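The structure under discussion appears below in the form of C-alpha coordinates.
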Amino acid sequence: MSLKKMINLRRTLAFRLTLWYTGVFAVIAFLTISLFYLLATNVIQRQTDEDLLDQMRKFSSLIATEGVGAGQRVATIESQAGGVKKVFFRFLHSNGRAFSSSNMDYWQDIYINYSIIQRLIHGEAPVFETIILPERDHEIRILYGIIGPGIILQVGQSMEEYGRIISVFKRIFIGTVALLMALAALVGWFMARHALSGVEAVTRTAQMISRDALDMRVPVKPRGDEIDEMANTFNEMLGRIEKLIAGMKEMSDNIAHDLKTPITRIRGIAEITLTTETCQPEYETMTASIIEECDRLLDMISTMLVISRFEAGVGDLRKEKIDLAGLVKDACELFRPLAEDKKLSIECRTPEFLDYTGDAGMLQRLISNLLDNAIKYTPSGGAVTIILERQNDNGMVLTIGDTGAGIAEAEAVHIFERFYRGDESRSTEGTGLGLSLARAIARAHGGDITVESEPGKGSIFTVTL
Ligand code: ADP
(Lines give C-alpha, C1' and ligand atoms only; values in the text may rest on other atoms or scores of the structure.)
Protein backbone atom coordinates (compact mmCIF):
# COMPACT_ATOMS: atom_id res chain seq x y z
CA MET A 1 0.00 0.00 0.00
CA SER A 2 1.42 3.40 -0.94
CA LEU A 3 2.14 6.04 1.71
CA LYS A 4 -0.65 8.28 0.33
CA LYS A 5 -3.18 5.46 0.58
CA MET A 6 -2.03 4.77 4.15
CA ILE A 7 -2.50 8.45 5.09
CA ASN A 8 -5.94 8.48 3.43
CA LEU A 9 -6.87 5.29 5.27
CA ARG A 10 -5.95 6.90 8.58
CA ARG A 11 -8.47 9.67 7.87
CA THR A 12 -11.37 7.28 7.25
CA LEU A 13 -14.20 6.91 9.74
CA ALA A 14 -13.87 3.11 9.50
CA PHE A 15 -10.23 3.37 10.65
CA ARG A 16 -11.10 5.68 13.55
CA LEU A 17 -14.01 3.45 14.59
CA THR A 18 -11.74 0.39 14.49
CA LEU A 19 -9.18 2.22 16.59
CA TRP A 20 -11.83 3.16 19.15
CA TYR A 21 -13.25 -0.33 19.18
CA THR A 22 -9.82 -1.92 19.65
CA GLY A 23 -8.84 0.65 22.29
CA VAL A 24 -12.00 0.15 24.34
CA PHE A 25 -11.69 -3.61 23.96
CA ALA A 26 -8.03 -3.51 25.09
CA VAL A 27 -8.86 -1.41 28.17
CA ILE A 28 -11.71 -3.78 29.15
CA ALA A 29 -9.54 -6.87 28.53
CA PHE A 30 -6.68 -5.32 30.52
CA LEU A 31 -8.93 -4.41 33.45
CA THR A 32 -10.59 -7.83 33.53
CA ILE A 33 -7.36 -9.79 33.35
CA SER A 34 -5.66 -7.47 35.90
CA LEU A 35 -8.53 -8.06 38.28
CA PHE A 36 -8.25 -11.77 37.72
CA TYR A 37 -4.46 -11.56 38.28
CA LEU A 38 -4.91 -9.65 41.55
CA LEU A 39 -7.50 -12.13 42.78
CA ALA A 40 -5.26 -15.10 41.87
CA THR A 41 -2.19 -13.66 43.66
CA ASN A 42 -4.35 -12.79 46.64
CA VAL A 43 -5.71 -16.35 46.86
CA ILE A 44 -2.18 -17.81 46.57
CA GLN A 45 -0.91 -15.53 49.35
CA ARG A 46 -3.86 -16.34 51.60
CA GLN A 47 -3.30 -20.06 51.03
CA THR A 48 0.43 -19.71 51.89
CA ASP A 49 -0.40 -17.75 55.05
CA GLU A 50 -2.91 -20.42 56.06
CA ASP A 51 -0.26 -23.15 55.56
CA LEU A 52 2.23 -21.23 57.71
CA LEU A 53 -0.36 -20.67 60.47
CA ASP A 54 -1.18 -24.41 60.41
CA GLN A 55 2.52 -25.19 60.93
CA MET A 56 2.64 -22.76 63.81
CA ARG A 57 -0.41 -24.25 65.50
CA LYS A 58 1.02 -27.76 65.00
CA PHE A 59 4.36 -26.84 66.64
CA SER A 60 2.62 -24.99 69.43
CA SER A 61 0.61 -28.07 70.47
CA LEU A 62 3.62 -30.40 69.90
CA ILE A 63 5.80 -28.37 72.23
CA ALA A 64 3.01 -28.14 74.79
CA THR A 65 2.56 -31.93 74.85
CA GLU A 66 5.99 -33.36 73.98
CA GLY A 67 8.47 -30.55 74.70
CA VAL A 68 10.90 -28.47 72.64
CA GLY A 69 13.04 -31.45 71.61
CA ALA A 70 10.13 -33.07 69.81
CA GLY A 71 9.45 -29.76 68.07
CA GLN A 72 13.08 -29.54 66.88
CA ARG A 73 12.99 -33.08 65.52
CA VAL A 74 9.72 -32.61 63.69
CA ALA A 75 11.04 -29.32 62.23
CA THR A 76 13.99 -31.13 60.62
CA ILE A 77 11.74 -33.89 59.26
CA GLU A 78 9.15 -31.42 57.95
CA SER A 79 11.70 -29.29 56.14
CA GLN A 80 13.28 -32.37 54.54
CA ALA A 81 9.86 -33.69 53.52
CA GLY A 82 8.75 -30.34 52.08
CA GLY A 83 12.17 -29.66 50.53
CA VAL A 84 14.96 -27.79 52.31
CA LYS A 85 14.87 -25.10 49.65
CA LYS A 86 11.16 -24.62 50.09
CA VAL A 87 10.57 -24.36 53.80
CA PHE A 88 12.60 -23.67 56.93
CA PHE A 89 11.98 -23.54 60.70
CA ARG A 90 13.99 -21.57 63.24
CA PHE A 91 13.38 -21.59 67.01
CA LEU A 92 14.24 -18.37 68.85
CA HIS A 93 14.46 -17.20 72.42
CA SER A 94 12.37 -14.22 73.35
CA ASN A 95 15.52 -12.05 73.01
CA GLY A 96 15.68 -13.02 69.33
CA ARG A 97 18.61 -15.42 69.52
CA ALA A 98 18.19 -18.67 67.53
CA PHE A 99 18.71 -21.88 69.50
CA SER A 100 17.65 -24.48 66.93
CA SER A 101 16.61 -24.70 63.28
CA SER A 102 16.06 -26.97 60.29
CA ASN A 103 18.77 -27.13 57.59
CA MET A 104 19.52 -23.43 56.95
CA ASP A 105 22.25 -23.83 54.27
CA TYR A 106 19.98 -22.41 51.63
CA TRP A 107 18.48 -19.78 53.95
CA GLN A 108 21.70 -18.35 55.39
CA ASP A 109 20.83 -14.81 54.37
CA ILE A 110 17.49 -14.82 56.18
CA TYR A 111 17.82 -12.37 59.03
CA ILE A 112 15.80 -12.19 62.24
CA ASN A 113 13.50 -9.19 62.43
CA TYR A 114 13.89 -7.94 66.04
CA SER A 115 11.16 -5.35 65.77
CA ILE A 116 8.66 -8.12 64.97
CA ILE A 117 9.91 -10.08 68.01
CA GLN A 118 9.32 -6.97 70.17
CA ARG A 119 5.79 -6.71 68.76
CA LEU A 120 5.16 -10.41 69.60
CA ILE A 121 6.45 -9.95 73.15
CA HIS A 122 4.08 -7.00 73.53
CA GLY A 123 1.21 -9.35 72.80
CA GLU A 124 0.64 -9.02 69.07
CA ALA A 125 -0.77 -12.05 67.22
CA PRO A 126 1.51 -13.94 64.79
CA VAL A 127 3.16 -11.47 62.37
CA PHE A 128 3.83 -12.04 58.66
CA GLU A 129 6.69 -10.64 56.64
CA THR A 130 7.53 -10.86 52.94
CA ILE A 131 11.13 -10.48 51.85
CA ILE A 132 13.19 -10.86 48.70
CA LEU A 133 16.76 -11.98 49.11
CA PRO A 134 19.47 -10.43 46.95
CA GLU A 135 20.22 -12.49 43.84
CA ARG A 136 16.97 -14.41 44.21
CA ASP A 137 14.07 -13.01 42.25
CA HIS A 138 11.27 -14.69 44.14
CA GLU A 139 9.58 -13.72 47.39
CA ILE A 140 9.80 -15.52 50.74
CA ARG A 141 6.83 -15.41 53.08
CA ILE A 142 7.81 -15.61 56.75
CA LEU A 143 5.68 -16.01 59.89
CA TYR A 144 6.79 -15.20 63.46
CA GLY A 145 4.74 -16.55 66.40
CA ILE A 146 5.07 -17.57 70.06
CA ILE A 147 4.70 -21.35 70.32
CA GLY A 148 5.63 -21.87 74.00
CA PRO A 149 6.85 -19.99 77.04
CA GLY A 150 9.82 -17.90 75.82
CA ILE A 151 9.89 -19.80 72.50
CA ILE A 152 9.31 -18.08 69.19
CA LEU A 153 9.02 -19.90 65.87
CA GLN A 154 10.20 -18.30 62.65
CA VAL A 155 8.80 -20.34 59.78
CA GLY A 156 9.39 -19.39 56.13
CA GLN A 157 8.19 -20.63 52.78
CA SER A 158 9.61 -19.94 49.34
CA MET A 159 7.13 -18.44 46.85
CA GLU A 160 9.32 -19.51 43.94
CA GLU A 161 6.81 -22.03 42.60
CA TYR A 162 3.93 -19.60 42.83
CA GLY A 163 6.14 -16.94 41.21
CA ARG A 164 6.71 -19.32 38.32
CA ILE A 165 2.96 -19.90 37.99
CA ILE A 166 2.38 -16.14 38.08
CA SER A 167 5.04 -15.46 35.46
CA VAL A 168 3.53 -18.13 33.19
CA PHE A 169 0.18 -16.52 33.82
CA LYS A 170 1.65 -13.11 32.90
CA ARG A 171 3.01 -14.48 29.62
CA ILE A 172 -0.34 -16.10 28.81
CA PHE A 173 -2.06 -12.84 29.78
CA ILE A 174 0.10 -10.67 27.48
CA GLY A 175 -0.22 -13.19 24.63
CA THR A 176 -4.00 -13.45 25.07
CA VAL A 177 -4.49 -9.66 25.21
CA ALA A 178 -2.33 -9.21 22.07
CA LEU A 179 -4.28 -11.92 20.25
CA LEU A 180 -7.63 -10.54 21.38
CA MET A 181 -6.60 -7.04 20.32
CA ALA A 182 -5.65 -8.26 16.85
CA LEU A 183 -8.96 -10.11 16.66
CA ALA A 184 -10.84 -7.04 17.96
CA ALA A 185 -9.15 -4.84 15.32
CA LEU A 186 -10.12 -7.32 12.62
CA VAL A 187 -13.72 -7.63 13.82
CA GLY A 188 -13.90 -3.85 14.40
CA TRP A 189 -12.62 -3.14 10.88
CA PHE A 190 -15.09 -5.60 9.38
CA MET A 191 -18.01 -4.19 11.42
CA ALA A 192 -17.11 -0.56 10.65
CA ARG A 193 -16.77 -1.33 6.91
CA HIS A 194 -20.05 -3.21 6.95
CA ALA A 195 -21.88 -0.44 8.83
CA LEU A 196 -20.44 2.26 6.60
CA SER A 197 -21.09 0.45 3.33
CA GLY A 198 -24.40 2.37 3.08
CA VAL A 199 -22.52 5.67 3.44
CA GLU A 200 -20.17 4.59 0.68
CA ALA A 201 -23.17 3.83 -1.55
CA VAL A 202 -24.46 7.37 -0.94
CA THR A 203 -21.01 8.80 -1.73
CA ARG A 204 -20.72 6.70 -4.92
CA THR A 205 -24.15 7.83 -6.09
CA ALA A 206 -23.33 11.46 -5.27
CA GLN A 207 -20.11 11.16 -7.29
CA MET A 208 -21.95 9.66 -10.26
CA ILE A 209 -24.64 12.33 -10.27
CA SER A 210 -24.23 14.98 -12.87
CA ARG A 211 -26.67 17.48 -14.27
CA ASP A 212 -28.07 14.87 -16.67
CA ALA A 213 -28.13 11.92 -14.26
CA LEU A 214 -30.27 13.44 -11.54
CA ASP A 215 -32.67 10.51 -11.73
CA MET A 216 -30.12 8.23 -10.03
CA ARG A 217 -31.02 7.08 -6.51
CA VAL A 218 -29.14 5.37 -3.69
CA PRO A 219 -30.36 1.77 -3.25
CA VAL A 220 -32.28 1.55 0.06
CA LYS A 221 -32.35 -1.75 1.96
CA PRO A 222 -35.47 -2.62 3.95
CA ARG A 223 -33.61 -2.60 7.30
CA GLY A 224 -34.91 0.81 8.34
CA ASP A 225 -31.70 1.72 10.19
CA GLU A 226 -29.93 5.09 10.34
CA ILE A 227 -28.07 4.45 7.07
CA ASP A 228 -31.34 3.64 5.27
CA GLU A 229 -32.85 6.78 6.77
CA MET A 230 -29.89 8.79 5.47
CA ALA A 231 -30.19 7.15 2.03
CA ASN A 232 -33.91 7.96 2.00
CA THR A 233 -33.27 11.57 3.00
CA PHE A 234 -30.54 11.82 0.35
CA ASN A 235 -32.94 10.39 -2.27
CA GLU A 236 -35.65 12.84 -1.21
CA MET A 237 -33.16 15.69 -1.47
CA LEU A 238 -32.18 14.48 -4.96
CA GLY A 239 -35.87 14.44 -5.86
CA ARG A 240 -36.22 18.05 -4.74
CA ILE A 241 -33.07 19.11 -6.61
CA GLU A 242 -34.30 17.30 -9.72
CA LYS A 243 -37.63 19.11 -9.44
CA LEU A 244 -35.91 22.46 -8.93
CA ILE A 245 -33.62 21.95 -11.91
CA ALA A 246 -36.58 20.83 -14.03
CA GLY A 247 -38.41 23.98 -12.86
CA MET A 248 -35.42 26.15 -13.77
CA LYS A 249 -35.18 24.47 -17.17
CA GLU A 250 -38.87 24.95 -17.76
CA MET A 251 -38.55 28.55 -16.68
CA SER A 252 -35.65 29.24 -19.04
CA ASP A 253 -37.52 27.48 -21.88
CA ASN A 254 -40.56 29.62 -21.10
CA ILE A 255 -38.48 32.78 -21.03
CA ALA A 256 -36.83 31.87 -24.30
CA HIS A 257 -40.18 31.09 -25.88
CA ASP A 258 -42.61 33.60 -24.37
CA LEU A 259 -40.44 36.66 -24.03
CA LYS A 260 -39.29 36.28 -27.62
CA THR A 261 -42.71 37.28 -28.96
CA PRO A 262 -43.00 40.73 -27.30
CA ILE A 263 -39.34 41.49 -28.00
CA THR A 264 -39.78 40.55 -31.64
CA ARG A 265 -42.87 42.76 -31.70
CA ILE A 266 -40.94 45.72 -30.26
CA ARG A 267 -38.17 45.17 -32.78
CA GLY A 268 -40.73 44.93 -35.60
CA ILE A 269 -42.37 48.22 -34.63
CA ALA A 270 -39.01 49.97 -34.50
CA GLU A 271 -37.87 48.44 -37.79
CA ILE A 272 -41.04 49.40 -39.67
CA THR A 273 -40.81 52.95 -38.39
CA LEU A 274 -37.18 53.18 -39.47
CA THR A 275 -37.66 51.67 -42.94
CA THR A 276 -40.70 53.73 -43.87
CA GLU A 277 -40.76 57.44 -44.36
CA THR A 278 -42.07 58.64 -41.07
CA CYS A 279 -43.00 61.92 -39.55
CA GLN A 280 -43.31 63.12 -35.97
CA PRO A 281 -46.83 61.71 -35.19
CA GLU A 282 -45.79 58.23 -36.41
CA TYR A 283 -42.68 58.34 -34.24
CA GLU A 284 -44.90 59.22 -31.30
CA THR A 285 -47.21 56.27 -32.04
CA MET A 286 -44.19 53.97 -32.30
CA THR A 287 -42.81 55.17 -29.00
CA ALA A 288 -46.18 54.70 -27.33
CA SER A 289 -46.43 51.14 -28.73
CA ILE A 290 -42.92 50.33 -27.55
CA ILE A 291 -43.66 51.70 -24.07
CA GLU A 292 -46.85 49.62 -23.95
CA GLU A 293 -44.99 46.45 -25.02
CA CYS A 294 -42.19 47.16 -22.54
CA ASP A 295 -44.75 47.59 -19.74
CA ARG A 296 -46.30 44.21 -20.63
CA LEU A 297 -42.84 42.69 -20.69
CA LEU A 298 -41.92 44.18 -17.33
CA ASP A 299 -45.21 43.02 -15.87
CA MET A 300 -44.59 39.49 -17.17
CA ILE A 301 -41.05 39.40 -15.78
CA SER A 302 -42.09 40.68 -12.37
CA THR A 303 -44.99 38.18 -12.25
CA MET A 304 -42.59 35.36 -13.17
CA LEU A 305 -40.22 36.44 -10.42
CA VAL A 306 -43.03 36.55 -7.86
CA ILE A 307 -44.18 33.03 -8.87
CA SER A 308 -40.62 31.66 -8.77
CA ARG A 309 -39.97 33.17 -5.35
CA PHE A 310 -43.20 31.77 -3.92
CA GLU A 311 -42.57 28.35 -5.44
CA ALA A 312 -39.05 28.30 -4.04
CA GLY A 313 -40.52 29.21 -0.63
CA VAL A 314 -38.70 32.57 -0.40
CA GLY A 315 -41.51 34.89 -1.47
CA ASP A 316 -42.03 37.62 1.07
CA LEU A 317 -45.60 37.90 2.27
CA ARG A 318 -46.58 41.00 4.23
CA LYS A 319 -49.08 39.30 6.48
CA GLU A 320 -51.47 41.44 8.51
CA LYS A 321 -55.00 41.27 9.87
CA ILE A 322 -57.41 42.06 7.05
CA ASP A 323 -61.13 41.95 6.29
CA LEU A 324 -61.23 39.31 3.55
CA ALA A 325 -64.95 39.94 2.89
CA GLY A 326 -64.19 43.63 2.25
CA LEU A 327 -61.37 42.68 -0.09
CA VAL A 328 -63.64 40.39 -2.15
CA LYS A 329 -66.46 42.98 -2.23
CA ASP A 330 -64.02 45.70 -3.43
CA ALA A 331 -62.74 43.40 -6.20
CA CYS A 332 -66.31 42.67 -7.33
CA GLU A 333 -67.11 46.38 -7.48
CA LEU A 334 -63.91 47.01 -9.43
CA PHE A 335 -64.78 44.39 -12.05
CA ARG A 336 -68.53 45.13 -12.19
CA PRO A 337 -68.23 47.80 -14.97
CA LEU A 338 -66.12 45.37 -17.06
CA ALA A 339 -68.73 42.62 -16.58
CA GLU A 340 -71.58 44.97 -17.36
CA ASP A 341 -69.80 46.14 -20.53
CA LYS A 342 -69.80 42.50 -21.58
CA LYS A 343 -73.45 42.10 -20.56
CA LEU A 344 -72.58 39.65 -17.77
CA SER A 345 -74.38 39.49 -14.45
CA ILE A 346 -72.06 39.49 -11.45
CA GLU A 347 -73.19 38.25 -8.04
CA CYS A 348 -71.10 38.58 -4.92
CA ARG A 349 -72.07 36.64 -1.76
CA THR A 350 -69.86 37.32 1.24
CA PRO A 351 -70.37 37.72 5.00
CA GLU A 352 -70.46 41.26 6.39
CA PHE A 353 -66.97 40.94 7.79
CA LEU A 354 -64.42 38.13 7.68
CA ASP A 355 -61.26 38.58 9.56
CA TYR A 356 -58.14 36.91 8.11
CA THR A 357 -54.35 37.21 8.40
CA GLY A 358 -52.70 37.47 5.01
CA ASP A 359 -51.02 39.69 2.44
CA ALA A 360 -53.78 42.02 1.20
CA GLY A 361 -51.88 43.00 -1.97
CA MET A 362 -51.21 39.42 -3.02
CA LEU A 363 -54.76 38.26 -2.19
CA GLN A 364 -56.06 41.13 -4.31
CA ARG A 365 -53.96 39.88 -7.25
CA LEU A 366 -55.30 36.34 -6.71
CA ILE A 367 -58.98 37.45 -6.70
CA SER A 368 -58.43 39.83 -9.65
CA ASN A 369 -56.80 37.11 -11.78
CA LEU A 370 -59.68 34.69 -11.17
CA LEU A 371 -62.36 37.35 -11.72
CA ASP A 372 -60.61 38.64 -14.82
CA ASN A 373 -60.52 35.09 -16.26
CA ALA A 374 -64.18 34.45 -15.39
CA ILE A 375 -65.23 37.61 -17.22
CA LYS A 376 -62.76 37.06 -20.08
CA TYR A 377 -63.83 33.48 -20.82
CA THR A 378 -67.61 33.95 -20.38
CA PRO A 379 -69.56 35.12 -23.42
CA SER A 380 -72.22 37.88 -23.22
CA GLY A 381 -75.37 37.00 -21.32
CA GLY A 382 -73.51 34.74 -18.92
CA ALA A 383 -73.14 35.02 -15.16
CA VAL A 384 -70.24 35.20 -12.73
CA THR A 385 -70.81 34.23 -9.09
CA ILE A 386 -68.39 34.89 -6.24
CA ILE A 387 -69.02 33.24 -2.88
CA LEU A 388 -66.86 33.66 0.23
CA GLU A 389 -67.50 31.49 3.33
CA ARG A 390 -65.75 30.53 6.53
CA GLN A 391 -65.23 26.81 6.93
CA ASN A 392 -65.69 24.94 10.21
CA ASP A 393 -61.97 24.50 10.81
CA ASN A 394 -61.38 28.26 10.55
CA GLY A 395 -60.26 28.10 6.89
CA MET A 396 -61.77 30.30 4.19
CA VAL A 397 -63.29 29.11 0.94
CA LEU A 398 -63.69 31.41 -2.02
CA THR A 399 -65.46 30.09 -5.12
CA ILE A 400 -65.57 31.96 -8.40
CA GLY A 401 -67.98 30.35 -10.84
CA ASP A 402 -68.90 31.30 -14.37
CA THR A 403 -71.16 30.04 -17.12
CA GLY A 404 -68.42 30.45 -19.72
CA ALA A 405 -66.50 28.30 -22.16
CA GLY A 406 -65.37 25.78 -19.58
CA ILE A 407 -62.13 23.84 -19.80
CA ALA A 408 -61.57 20.48 -21.49
CA GLU A 409 -60.27 17.73 -19.18
CA ALA A 410 -57.00 17.46 -21.10
CA GLU A 411 -56.39 21.18 -20.62
CA ALA A 412 -57.52 21.37 -17.00
CA VAL A 413 -54.38 19.55 -15.79
CA HIS A 414 -52.18 22.21 -17.39
CA ILE A 415 -53.94 25.50 -16.72
CA PHE A 416 -51.95 26.19 -13.51
CA GLU A 417 -48.62 25.78 -15.32
CA ARG A 418 -46.61 28.85 -16.14
CA PHE A 419 -47.33 30.33 -19.61
CA TYR A 420 -49.95 27.70 -20.37
CA ARG A 421 -52.80 29.05 -22.47
CA GLY A 422 -55.78 27.03 -23.64
CA ASP A 423 -56.16 26.53 -27.40
CA GLU A 424 -59.37 28.55 -27.48
CA SER A 425 -57.84 31.36 -25.43
CA ARG A 426 -54.96 32.22 -27.70
CA SER A 427 -57.04 34.83 -29.50
CA THR A 428 -57.81 36.61 -26.20
CA GLU A 429 -55.31 38.81 -24.45
CA GLY A 430 -53.23 37.18 -21.73
CA THR A 431 -49.85 35.85 -20.71
CA GLY A 432 -50.68 32.43 -19.30
CA LEU A 433 -49.28 33.48 -15.91
CA GLY A 434 -52.49 34.48 -14.12
CA LEU A 435 -53.46 31.08 -12.69
CA SER A 436 -49.87 30.07 -11.77
CA LEU A 437 -49.53 33.30 -9.81
CA ALA A 438 -52.94 32.77 -8.15
CA ARG A 439 -52.00 29.22 -7.12
CA ALA A 440 -48.54 30.33 -5.84
CA ILE A 441 -50.25 33.02 -3.70
CA ALA A 442 -52.85 30.56 -2.35
CA ARG A 443 -50.14 28.02 -1.48
CA ALA A 444 -48.02 30.71 0.19
CA HIS A 445 -51.08 31.33 2.41
CA GLY A 446 -51.25 27.63 3.29
CA GLY A 447 -54.08 26.95 0.84
CA ASP A 448 -54.60 25.86 -2.77
CA ILE A 449 -56.79 26.31 -5.84
CA THR A 450 -58.78 23.61 -7.61
CA VAL A 451 -61.01 23.74 -10.63
CA GLU A 452 -64.17 21.94 -11.69
CA SER A 453 -65.28 22.57 -15.21
CA GLU A 454 -67.54 21.31 -17.93
CA PRO A 455 -66.78 22.47 -21.46
CA GLY A 456 -69.56 24.67 -22.77
CA LYS A 457 -71.22 25.02 -19.36
CA GLY A 458 -68.73 26.88 -17.21
CA SER A 459 -66.07 26.55 -14.53
CA ILE A 460 -65.84 26.85 -10.79
CA PHE A 461 -62.49 27.80 -9.26
CA THR A 462 -62.31 26.99 -5.52
CA VAL A 463 -59.69 28.75 -3.42
CA THR A 464 -59.03 27.43 0.09
CA LEU A 465 -57.09 29.71 2.42
P1 ADP B 1 -54.39 33.60 -19.42
O2 ADP B 1 -55.75 33.89 -18.93
O3 ADP B 1 -53.54 34.80 -19.49
O4 ADP B 1 -54.35 32.81 -20.67
P5 ADP B 1 -54.20 32.04 -17.04
O6 ADP B 1 -53.04 31.44 -16.38
O7 ADP B 1 -55.02 33.00 -16.26
O8 ADP B 1 -53.64 32.68 -18.35
O9 ADP B 1 -55.14 30.88 -17.54
C10 ADP B 1 -54.58 29.77 -18.20
C11 ADP B 1 -55.61 29.15 -19.12
O12 ADP B 1 -56.66 28.56 -18.35
C13 ADP B 1 -56.31 30.12 -20.01
O14 ADP B 1 -55.56 30.34 -21.20
C15 ADP B 1 -57.62 29.43 -20.30
O16 ADP B 1 -57.49 28.50 -21.34
C17 ADP B 1 -57.90 28.68 -19.05
N18 ADP B 1 -58.85 29.37 -18.14
C19 ADP B 1 -58.58 30.09 -17.04
N20 ADP B 1 -59.69 30.54 -16.45
C21 ADP B 1 -60.73 30.09 -17.18
C22 ADP B 1 -62.13 30.20 -17.09
N23 ADP B 1 -62.74 30.89 -16.10
N24 ADP B 1 -62.88 29.60 -18.06
C25 ADP B 1 -62.30 28.90 -19.05
N26 ADP B 1 -60.98 28.74 -19.19
C27 ADP B 1 -60.19 29.32 -18.28
Side-chain angles (χ1 to χ4, degrees), residues 247 250-251 253-255 257-262 265 292-293 295-308 310-311 328 331-332 334-336 338-339 341-348 362-388 397-444 447-464:
E250 192 195 320
M251 174 99 161
D253 288 352
N254 289 158
I255 290 174
H257 182 262
D258 288 83
L259 296 192
K260 234 163 75 186
T261 319
R265 248 191 332 252
E292 201 181 311
E293 286 296 336
D295 283 349
R296 271 165 46 82
L297 208 59
L298 283 173
D299 187 45
M300 244 165 105
I301 293 170
S302 71
T303 307
M304 267 161 55
L305 284 176
V306 172
I307 297 172
S308 301
F310 277 135
E311 283 183 355
V328 172
C332 287
L334 199 73
F335 278 86
R336 195 175 292 281
L338 195 69
D341 279 356
K342 239 187 127 180
K343 310 246 174 322
L344 298 178
S345 72
I346 182 160
E347 190 190 346
C348 185
M362 286 296 161
L363 289 170
Q364 247 161 11
R365 287 184 82 170
L366 181 157
I367 301 165
S368 304
N369 281 350
L370 293 178
L371 263 176
D372 186 47
N373 279 351
I375 295 170
K376 202 161 61 176
Y377 299 115
T378 307
S380 294
V384 175
T385 314
I386 303 113
I387 304 168
L388 176 68
V397 182
L398 173 72
T399 50
I400 298 183
D402 62 62
T403 56
I407 306 158
E409 214 178 312
E411 287 194 335
V413 285
H414 297 294
I415 57 169
F416 292 103
E417 288 169 11
R418 259 173 278 177
F419 293 108
Y420 181 83
R421 305 204 70 204
D423 283 341
E424 303 281 310
S425 333
R426 295 201 193 273
S427 51
T428 52
E429 212 177 283
T431 56
L433 288 174
L435 284 183
S436 358
L437 177 66
R439 188 173 68 171
I441 295 172
R443 287 188 173 170
D448 209 348
I449 303 185
T450 52
V451 64
E452 278 171 59
S453 184
E454 207 178 314
K457 290 205 168 166
S459 320
I460 300 173
F461 283 86
T462 306
V463 185
T464 50

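The figures that follow rest on heavy atoms only: side chains count, while hydrogens, waters and symmetry mates do not. Whatever order the structure lists ligands and atoms in, that order sets their numbers, starting from 1. Positions are given from 1, in the same order as the sequence printed here. Bear in mind the structure is a predicted one, so any value in this text is a computation, not a measurement.
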Main-chain N/O of [Y] paired to [X] side chain as donor or acceptor, under 3.5 Å:
X      : Y      : result
Thr385 : Gly401 : no
Lys342 : Gly382 : no
Ser453 : Ile407 : yes

Salt bridge present between Lys457 and Glu452 (N-O < 4.0 angstrom):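 Salt bridge flag = no for Glu452 with Lys457.
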Considering only protein heavy atoms, which is closest to [atom], and at what distance to one decimal place?
atom                    : result
atom 17 (C) of ligand 1 : Ile415 CG2, 3.9 Å
atom 19 (C) of ligand 1 : Asn373 ND2, 3.5 Å
atom 16 (O) of ligand 1 : Ser425 OG, 2.6 Å
atom 22 (C) of ligand 1 : Tyr377 CD1, 3.7 Å
atom 10 (C) of ligand 1 : Tyr420 O, 3.3 Å
atom 4 (O) of ligand 1  : Arg421 NE, 2.7 Å

Report yes or no: does [X] have a heavy atom closer than 4.0 Å to ligand 1?
X      : answer
Asp402 : yes
Phe416 : no
Gly404 : no

Salt bridge (Lys or Arg N to Asp or Glu O under 4.0 Å) assessment of Asp448 paired with Arg443: CA-CA 5 Å; Asp448 209 348; Arg443 287 188 173 170; 3.3 Å; yes
For [X], counting its heavy atoms only, list the atoms of ligand 1 lying under 4.0 Å from any of them.
X      : answer
Gly406 : 25 (C)
Gly430 : 3 (O)
Gly422 : 13 (C), 14 (O), 16 (O)

Ligand 1-proximal atoms of Lys376, by part, heavy-atom distance under 4.0 Å: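 Only the side chain of Lys376 comes within reach of ligand 1.
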Ala405, portion touching ligand 1 at heavy-atom distance under 4.0 Å: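 Neither; no heavy atom under 4.0 Å.
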Once rounded to the nearest 0.5 Å, what's the spacing between atom [atom1] of [X] and atom [atom2] of [Y]?
X      : Y      : atom1 : atom2 : value
Arg439 : Thr450 : CZ    : OG1   : 11.0 Å
Leu433 : Glu417 : CG    : CD    : 12.0 Å
Asp295 : Met300 : CG    : CE    : 13.5 Å

Nearest candidate to atom 3 (O) of ligand 1, where distance is taken over non-hydrogen atoms, out of Ser453, Gly434, Gly432: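 That would be Gly432.
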Options Leu435, Thr428, Thr431, Ile375, ranked by nearest heavy atom to atom 6 (O) of ligand 1, top entry: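 The option holding the nearest heavy atom is Leu435.
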Criterion salt bridge (Lys or Arg N to Asp or Glu O under 4.0 Å) on Arg265 and Glu292, from CA distance to verdict: CA-CA 11 Å; Arg265 248 191 332 252; Glu292 201 181 311; over 6 Å; no
Closest non-hydrogen atom pair between Ala374 and Ile400, with its separation: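 Reported closest heavy-atom pair: CB-CG2, 4.1 Å.
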Minimal non-hydrogen separation, Thr431 against Phe419, with atom names: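 It is O-CD2, 3.6 Å.
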Polar contact flag for Ile407 and ligand 1 (N/O pairs, less than 3.5 Å):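 No: no nitrogen or oxygen of Ile407 is under 3.5 Å from one in ligand 1.
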